[in-house]
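Read through the structure below, which is laid out as C-alpha coordinates, and then see the notes.
Per chain, numbering begins at 1; letters A, B, ... match sequence-line order. Quick caveat: nothing in here was measured; it's all calculated off a predicted structure.
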Amino acid sequence: MKYWLMKSEPSCYGIDDLKRDRVGVWDDVRNYQARNFMRDMKKGDRVLFYHSSTDVIGIVGIGEISKEAYPDPTQFDKTSYKYDAKSTEVNPRWSSINLRFMTKFKAPVTLQELKLDPFFEGMLVIKRGMRLSVQPVHEKHFKKILELSTAES
DNA sequence: GCCAACGTTGGC
DNA sequence: GCCAACGTTGGC
(Lines give C-alpha, C1' and ligand atoms only; values in the text may rest on other atoms or scores of the structure.)
Protein backbone atom coordinates (compact mmCIF):
# COMPACT_ATOMS: atom_id res chain seq x y z
CA MET A 1 0.00 0.00 0.00
CA LYS A 2 1.21 3.47 -0.85
CA TYR A 3 0.61 6.78 0.84
CA TRP A 4 -0.10 10.15 -0.73
CA LEU A 5 -0.94 13.73 0.06
CA MET A 6 -3.50 15.68 -1.92
CA LYS A 7 -4.05 19.40 -1.63
CA SER A 8 -7.33 21.20 -1.94
CA GLU A 9 -8.62 24.62 -1.14
CA PRO A 10 -11.47 24.23 1.33
CA SER A 11 -13.30 27.14 -0.31
CA CYS A 12 -13.35 24.96 -3.43
CA TYR A 13 -13.58 21.41 -2.08
CA GLY A 14 -12.72 20.66 1.53
CA ILE A 15 -12.81 17.69 3.89
CA ASP A 16 -16.41 18.49 4.83
CA ASP A 17 -17.41 18.27 1.18
CA LEU A 18 -15.68 14.90 0.90
CA LYS A 19 -17.37 13.70 4.10
CA ARG A 20 -20.77 14.74 2.73
CA ASP A 21 -20.17 13.16 -0.70
CA ARG A 22 -18.50 10.03 0.77
CA VAL A 23 -16.67 9.69 -2.56
CA GLY A 24 -15.04 12.64 -4.28
CA VAL A 25 -13.95 12.88 -7.91
CA TRP A 26 -10.48 14.38 -8.37
CA ASP A 27 -10.92 15.80 -11.82
CA ASP A 28 -9.06 19.03 -12.44
CA VAL A 29 -5.36 18.24 -12.23
CA ARG A 30 -3.46 19.83 -15.13
CA ASN A 31 0.09 19.20 -14.03
CA TYR A 32 2.06 16.30 -15.49
CA GLN A 33 3.96 15.38 -12.36
CA ALA A 34 0.79 15.30 -10.29
CA ARG A 35 -0.95 13.32 -13.03
CA ASN A 36 1.81 10.74 -13.10
CA PHE A 37 1.49 10.22 -9.37
CA MET A 38 -2.25 9.81 -9.78
CA ARG A 39 -1.66 7.12 -12.38
CA ASP A 40 0.51 5.27 -9.84
CA MET A 41 -2.28 5.18 -7.28
CA LYS A 42 -3.81 1.83 -6.43
CA LYS A 43 -7.18 1.08 -4.94
CA GLY A 44 -6.84 1.15 -1.17
CA ASP A 45 -3.90 3.56 -1.07
CA ARG A 46 -4.24 6.08 1.74
CA VAL A 47 -4.35 9.81 1.19
CA LEU A 48 -3.62 12.69 3.55
CA PHE A 49 -6.19 15.37 2.79
CA TYR A 50 -4.53 18.78 2.95
CA HIS A 51 -6.14 22.21 3.10
CA SER A 52 -4.24 24.97 1.32
CA SER A 53 -4.85 28.71 0.94
CA THR A 54 -6.91 28.99 4.09
CA ASP A 55 -6.56 30.26 7.66
CA VAL A 56 -5.54 26.89 9.14
CA ILE A 57 -3.20 25.24 6.66
CA GLY A 58 -2.55 21.55 7.20
CA ILE A 59 -3.72 17.96 7.05
CA VAL A 60 -7.34 17.65 8.01
CA GLY A 61 -8.21 14.02 7.39
CA ILE A 62 -7.70 10.74 5.59
CA GLY A 63 -9.12 9.31 2.41
CA GLU A 64 -8.71 6.16 0.40
CA ILE A 65 -8.36 5.62 -3.33
CA SER A 66 -11.62 3.96 -4.37
CA LYS A 67 -11.13 4.12 -8.14
CA GLU A 68 -7.81 4.06 -9.95
CA ALA A 69 -6.86 6.50 -12.70
CA TYR A 70 -9.34 6.94 -15.56
CA PRO A 71 -9.64 9.68 -18.21
CA ASP A 72 -10.65 12.99 -16.65
CA PRO A 73 -14.05 13.78 -18.20
CA THR A 74 -13.60 17.54 -17.94
CA GLN A 75 -10.82 17.52 -20.55
CA PHE A 76 -13.37 16.62 -23.26
CA ASP A 77 -16.05 19.00 -22.05
CA LYS A 78 -16.01 22.13 -24.20
CA THR A 79 -18.08 24.00 -21.66
CA SER A 80 -15.54 23.35 -18.90
CA TYR A 81 -12.73 25.77 -18.25
CA LYS A 82 -10.61 22.65 -17.85
CA TYR A 83 -11.32 21.69 -21.47
CA ASP A 84 -8.15 20.66 -23.31
CA ALA A 85 -8.40 20.83 -27.10
CA LYS A 86 -5.20 18.85 -27.47
CA SER A 87 -6.50 15.85 -25.58
CA THR A 88 -8.15 13.03 -27.52
CA GLU A 89 -10.43 10.17 -26.47
CA VAL A 90 -7.90 7.71 -27.88
CA ASN A 91 -5.01 9.26 -26.02
CA PRO A 92 -6.31 11.25 -23.05
CA ARG A 93 -3.86 13.59 -21.42
CA TRP A 94 -5.38 13.97 -17.98
CA SER A 95 -6.51 11.49 -15.38
CA SER A 96 -8.95 11.42 -12.51
CA ILE A 97 -9.21 9.22 -9.45
CA ASN A 98 -11.97 8.75 -6.93
CA LEU A 99 -11.30 9.36 -3.27
CA ARG A 100 -13.40 7.82 -0.52
CA PHE A 101 -13.78 9.64 2.77
CA MET A 102 -12.33 7.83 5.78
CA THR A 103 -11.77 10.21 8.69
CA LYS A 104 -11.77 13.87 9.56
CA PHE A 105 -9.31 14.86 12.27
CA LYS A 106 -10.63 16.57 15.40
CA ALA A 107 -7.99 19.20 14.75
CA PRO A 108 -5.75 19.67 11.71
CA VAL A 109 -2.10 18.64 11.85
CA THR A 110 -0.84 22.00 10.73
CA LEU A 111 1.88 22.83 8.27
CA GLN A 112 3.55 24.80 11.03
CA GLU A 113 3.72 21.71 13.28
CA LEU A 114 5.21 19.65 10.47
CA LYS A 115 7.84 22.29 9.83
CA LEU A 116 8.81 22.47 13.51
CA ASP A 117 9.16 18.71 14.02
CA PRO A 118 12.51 17.32 12.78
CA PHE A 119 10.81 13.96 12.24
CA PHE A 120 9.17 15.39 9.13
CA GLU A 121 12.38 16.66 7.60
CA GLY A 122 12.41 15.87 3.89
CA MET A 123 8.65 15.67 3.59
CA LEU A 124 7.71 17.28 0.29
CA VAL A 125 4.84 19.40 1.54
CA ILE A 126 7.04 21.42 3.89
CA LYS A 127 9.57 22.23 1.20
CA ARG A 128 9.55 25.85 0.25
CA GLY A 129 8.05 26.46 -3.13
CA MET A 130 6.71 22.93 -3.41
CA ARG A 131 3.47 23.53 -5.23
CA LEU A 132 2.74 19.98 -6.32
CA SER A 133 -0.89 19.22 -5.52
CA VAL A 134 -0.42 15.44 -5.48
CA GLN A 135 2.64 13.97 -3.82
CA PRO A 136 3.90 10.68 -2.37
CA VAL A 137 4.30 10.38 1.41
CA HIS A 138 6.59 8.07 3.40
CA GLU A 139 4.82 5.45 5.47
CA LYS A 140 6.57 6.67 8.64
CA HIS A 141 5.34 10.21 8.05
CA PHE A 142 1.83 9.00 7.37
CA LYS A 143 1.74 6.95 10.56
CA LYS A 144 3.19 9.73 12.66
CA ILE A 145 0.55 12.13 11.39
CA LEU A 146 -2.15 9.63 12.39
CA GLU A 147 -0.65 9.52 15.89
CA LEU A 148 -0.52 13.30 16.12
CA SER A 149 -4.09 13.64 14.94
CA THR A 150 -5.45 11.34 17.64
CA ALA A 151 -3.31 13.02 20.29
CA GLU A 152 -5.10 16.27 19.60
CA SER A 153 -8.61 17.20 20.53
C1' DG B 1 -2.41 41.44 -1.70
C1' DC B 2 2.49 40.32 -2.21
C1' DC B 3 5.80 37.69 -4.27
C1' DA B 4 8.94 33.58 -4.67
C1' DA B 5 9.14 29.48 -6.96
C1' DC B 6 7.84 26.80 -10.30
C1' DG B 7 5.64 25.06 -14.81
C1' DT B 8 4.32 26.13 -19.49
C1' DT B 9 4.44 28.44 -23.82
C1' DG B 10 6.25 30.01 -27.93
C1' DG B 11 9.63 32.67 -30.74
C1' DC B 12 13.92 31.99 -32.54
C1' DG C 1 16.61 22.98 -27.73
C1' DC C 2 17.28 27.45 -25.46
C1' DC C 3 15.28 30.83 -22.70
C1' DA C 4 12.40 34.98 -21.84
C1' DA C 5 7.84 35.98 -20.84
C1' DC C 6 3.94 34.73 -18.80
C1' DG C 7 0.63 32.25 -15.73
C1' DT C 8 -0.28 29.73 -11.48
C1' DT C 9 0.31 28.09 -6.85
C1' DG C 10 0.21 28.86 -2.25
C1' DG C 11 2.49 30.49 2.12
C1' DC C 12 2.89 34.62 4.44
Side-chain angles (χ1 to χ4, degrees), chain A residues 2-21 24-41 45-65 68-99 101-138 140-142 144-149 151-152:
Chain A
K2 286 185 180 171
Y3 301 91
W4 310 92
L5 180 145
M6 296 180 96
K7 294 181 187 173
S8 189
E9 295 187 21
S11 61
C12 179
Y13 194 87
I15 190 76
D16 290 325
D17 297 303
L18 185 66
K19 188 177 180 181
R20 180 200 59 220
D21 295 343
V25 177
W26 223 270
D27 66 355
D28 60 353
V29 172
R30 293 294 183 270
N31 171 286
Y32 287 107
Q33 221 182 332
R35 182 208 66 184
N36 291 342
F37 285 135
M38 285 169 71
R39 288 182 176 177
D40 280 345
M41 290 172 168
D45 282 0
R46 298 294 150 89
V47 176
L48 298 171
F49 197 103
Y50 178 94
H51 278 177
S52 66
S53 299
T54 183
D55 45 348
V56 184
I57 296 165
I59 296 153
V60 292
I62 305 290
E64 172 190 51
I65 303 298
E68 295 176 12
Y70 58 96
D72 180 342
T74 63
Q75 68 194 314
F76 307 124
D77 178 3
K78 286 185 179 173
T79 65
S80 170
Y81 78 108
K82 290 290 183 177
Y83 175 69
D84 185 344
K86 292 176 184 167
S87 189
T88 63
E89 303 262 357
V90 179
N91 190 18
R93 239 186 218 197
W94 307 111
S95 297
S96 290
I97 56 93
N98 288 0
L99 186 69
F101 173 81
M102 292 186 79
T103 52
K104 179 188 173 182
F105 295 164
K106 283 180 184 170
V109 176
T110 65
L111 179 62
Q112 208 175 14
E113 283 177 69
L114 299 180
K115 281 182 170 176
L116 288 172
D117 189 339
F119 185 83
F120 294 107
E121 210 169 307
M123 199 177 173
L124 289 176
V125 74
I126 63 175
K127 275 178 79 179
R128 201 167 123 84
M130 177 50 75
R131 303 179 310 169
L132 202 55
S133 63
V134 178
Q135 40 185 268
V137 172
H138 285 127
K140 62 171 186 173
H141 289 154
F142 183 90
K144 183 77 172 179
I145 286 163
L146 276 193
E147 286 172 25
L148 290 175
S149 72
E152 291 169 1

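Each of Arg93(A) and Arg131(A) lies near DNA chain B, and the nucleotide nearest Arg131(A) is the one positioned closer to the 5' end.
Remark: C1' of dG10(C) and CG of Leu5(A) are 13 Å apart, rounded to the nearest angstrom. Per the geometry, CZ belonging to Arg35(A) stands 14 Å off C1' belonging to dG7(B), to the nearest Å. A straight line from CG of Asn31(A) to P of dT9(C) spans 9 Å, rounded to a whole angstrom. Counting to the nearest Å, the C1' atom of dC6(B) and the CD atom of Gln135(A) are 14 Å from each other. Following rounding to the nearest Å, Tyr32(A) (OH) and dT8(B) (P) show an atom-to-atom distance of 7 Å. For the pair His51(A) NE2 and dC12(C) P, the computed distance is 17 Å after rounding to whole Å. In this structure, CD1 of Ile59(A) is placed 12 Å from P of dG11(C), rounded to the nearest angstrom. Rounded to whole Å, the distance from CZ on Arg30(A) to P on dT9(C) is 12 Å.
The Ser52(A) side chain lies nearest to dG10(C) when the options are dC12(C), dG10(C), dG7(B). Among the nucleotides dT8(B), dG7(B), dG11(C), the one closest to any side-chain atom of Lys115(A) is dG11(C). Each of dG10(C), dG11(C), dG7(B) was ranked by its minimum atom distance to the side chain of Ser133(A); first place goes to dG10(C).
Note: His141(A) and Phe120(A) meet the aromatic proximity criterion, with ring centroids under 6.0 Å apart. Residues Trp26(A) and Phe49(A) bring their aromatic ring centres within 6.0 Å.
Applying the 4.0 Å criterion to OP1 and OP2 of dG11(C), one finds that Tyr50(A) has a side-chain N or O inside that range. Look at Lys7(A) and you'll find a side-chain N or O under 4.0 angstrom from OP1 or OP2 of dG10(C).
Taking the ring axis of Phe76(A) as reference, the NZ or CZ atom of Lys82(A) does not stay both within 45° of it and closer than 6.0 Å to the ring centre.
Counting non-hydrogen atoms under 4.0 angstrom, Glu9(A) reaches nothing in the nucleic acid.
Checking Ser96(A) against Arg35(A) by side-chain atom types alone, no donor-acceptor pair falls below 3.5 Å.
Without hydrogens or angle criteria, Thr110(A) side chain to Ile57(A) main chain gives no donor-acceptor distance under 3.5 Å.
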